[in-house]
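Structure record follows, encoded as structure tokens.
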There are 2 protein chains.
Amino acid sequence: MIFKNRKIILRISQYKSTIIYYKQIGFTKIYSDFLGEKTGVTASQVRKDFSLFGIKGNKRGGYFIDDLLTALNKILGKEDTQKVIIAGAGNIGSALAGYKKFHSESIKIVACFDIDPVKTSKKGVVPVFPYSEMADFIRDNAIEVGIVAVPEVFAQDVVNNMVKAGIRGILNFAPVNIKEPSEDCYINNVNLEIELENIIYFVKKKE
Amino acid sequence: MIFKNRKIILRISQYKSTIIYYKQIGFTKIYSDFLGEKTGVTASQVRKDFSLFGIKGNKRGGYFIDDLLTALNKILGKEDTQKVIIAGAGNIGSALAGYKKFHSESIKIVACFDIDPVKTSKKGVVPVFPYSEMADFIRDNAIEVGIVAVPEVFAQDVVNNMVKAGIRGILNFAPVNIKEPSEDCYINNVNLEIELENIIYFVKKKE
DNA sequence: TAGATTGTTAATCGATTAACAATC
DNA sequence: TAGATTGTTAATCGATTAACAATC
């Protein structure tokens, strides 16, 4: 089964977060209405989502947390480690590289790349290499996921280079809406200004 | 007219970006099918969105860019300046404070707050004050929008304090799904791990 | 067993797209 | 005028919710 829908996968991530929390505090099973309430969706939505992915619970008995976690992790590809690179070691790029609070070991930021020689360094937790080495690094290490944190004007070029070298999924923090350069590449744009404009609209609307 | 729908407002921001670009390169009017193509939506969508906000074009003549820009800016509240504060002057918080690439003057990040005295400083472009002063600052300056960039465990508390002091819209970068503490507050969560999980799902799906 | 919860189908809701009359 | 584009209504599409039989 193939989903085009981004939202269902976001919910899968959120269900996972919720059940990790309740596992930690000692739960061994969980019901769709409780999980829904804690995640902020309806019980129907929970059961529907699980059903679409073939996740089965126990009639009358809810879902076993360990089984559920295994199933959700499998959907999200968390059984393997994903190596991720970052283009741009400026403010945002370095902040993301320093992000160590992933809840699992399955996502690893392995390298940054920057054109500025002053920023290159092999000493940090995440080394910063010259941008010219990015394409080879992607190929040599079979990297599939990249983060773009370069200034606006370079963003489309960087994306094109990433895709040419084999990257298949990109998270873009540059303030431009990037076009997917090929069918094979999935891009998600995170745009601070647009997010703030959105919030401001809803704040003003209520006045 | 009140829209609950976040997506239409995101598109309004994107239309704005697109027409700013075409204004810069000399366009004075624009057609729905061109604007749609450049923004990545259908022409129907463009006209429908405009129609919902009462934006009128010229039959046969498209939309005048200046009028359109004025109308979109008005929707997004860009006629006034919005002062924004940041809680947390760690990696992410400082990176966001250093973000100077807003396309307009209408969003101003005016202060950061942090519990760590080492991080407080009045010298940067954006001053960093002690966290204990945040609530008073919000009240004294009638701040309505806040960004949360504190560690996970503090996030819900910080949000509660912001809202109590008068903040009405929050952009949360902490890796927890924050509950809206009241009806009057709009919250949007940006979660790096969830974004990456999403991308990884779509990358793996195609394999 | 009786009661509660799942899994799935049907109904509803909302958003997007298509179509086309109006008209510049 | 003829042709092209808007503005809006209707049709379609997709996602969410409700309902309920199955069953533990």
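Computed over heavy atoms, backbone and side chain alike; hydrogens, waters and symmetry mates excluded. To find a chain, count down the sequence lines: A is the first, B the second, and so on, and within it residues start at 1.
- For Glu152(A) and His103(B), the side-chain atoms include at least one donor-acceptor pair closer than 3.5 Å.
- Listed by chain and number, the residues in a side-chain hydrogen bond (donor to acceptor under 3.5 Å, both in side chains) with Tyr99(A) amount to none (sequence neighbours excluded).
- The side-chain heavy atoms of Phe50(A) and Leu68(A), taken from C-beta on, include a pair separated by under 4.5 Å.
- Ionic pairing of Lys78(A) and Glu197(B) is present here: one or more N-O contacts between side-chain nitrogen and carboxylate oxygen are shorter than 4.0 angstrom.
- Residues from residues 55-68 of chain B placing a heavy atom under 4.0 Å of any atom in DNA chain C, listed by number, are Lys59(B), Arg60(B).
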- prompt: Could you spell out the base pairing of DNA chain C in dot-bracket, with Watson-Crick or G-U pairs whose two distances are under 3.5 Å, [ ] crossing and | to another strand?
  reply: ..||||||||||||||||||||||

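- Scanning for side chain to side chain contact (heavy atoms under 4.5 Å, CB included) contacts around Ala71(A) gives Ile55(A), with sequence neighbours left out.
- Taking every heavy atom of residues 38-48 of chain B and every atom of DNA chain D, pairs under 4.0 Å involve Arg47(B), Lys48(B), by number.
- For Asp67(A), the side chain to side chain contact (heavy atoms under 4.5 Å, CB included) test picks out Phe64(A), with sequence neighbours left out.
- With sequence neighbours excluded, no residue satisfies side-chain hydrogen bond (donor to acceptor under 3.5 Å, both in side chains) with Asn141(A).
- Applying the side-chain hydrogen bond (donor to acceptor under 3.5 Å, both in side chains) criterion to Asn188(A), with sequence neighbours excluded, gives Glu195(B).
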Review item, side-chain donor-acceptor pairs of residues 31-46 of chain A, under 3.5 Å, at least two apart:
residue, atom, partner, partner atom, Å
Ser32(A), OG, Arg47(A), NH1, 3.0
Thr39(A), OG1, Thr18(A), OG1, 3.0
Thr39(A), OG1, Leu35(A), O, 2.7
Thr42(A), OG1, Gln45(A), N, 3.1
Gln45(A), OE1, Arg11(A), NH2, 3.1

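- Here ring pair (Phe, Tyr, Trp, His ring centres under 6.0 Å) pairs that include residues 164-189 of chain A, with residues two or more places apart or in two chains, are Tyr186(A)-Phe202(B).
- For an aromatic pair to be called close, the ring centres must be under 6.0 Å apart, and Phe113(A) with Tyr131(A) fails this.
- In terms of the side-chain hydrogen bond (donor to acceptor under 3.5 Å, both in side chains) criterion, Gln14(B) has no residue partners (sequence neighbours excluded).
- Reading DNA chain D from its 5' end, the first and the last nucleotide to sit under 4.0 Å from a heavy atom of chain A are dA15(D) to dC24(D).
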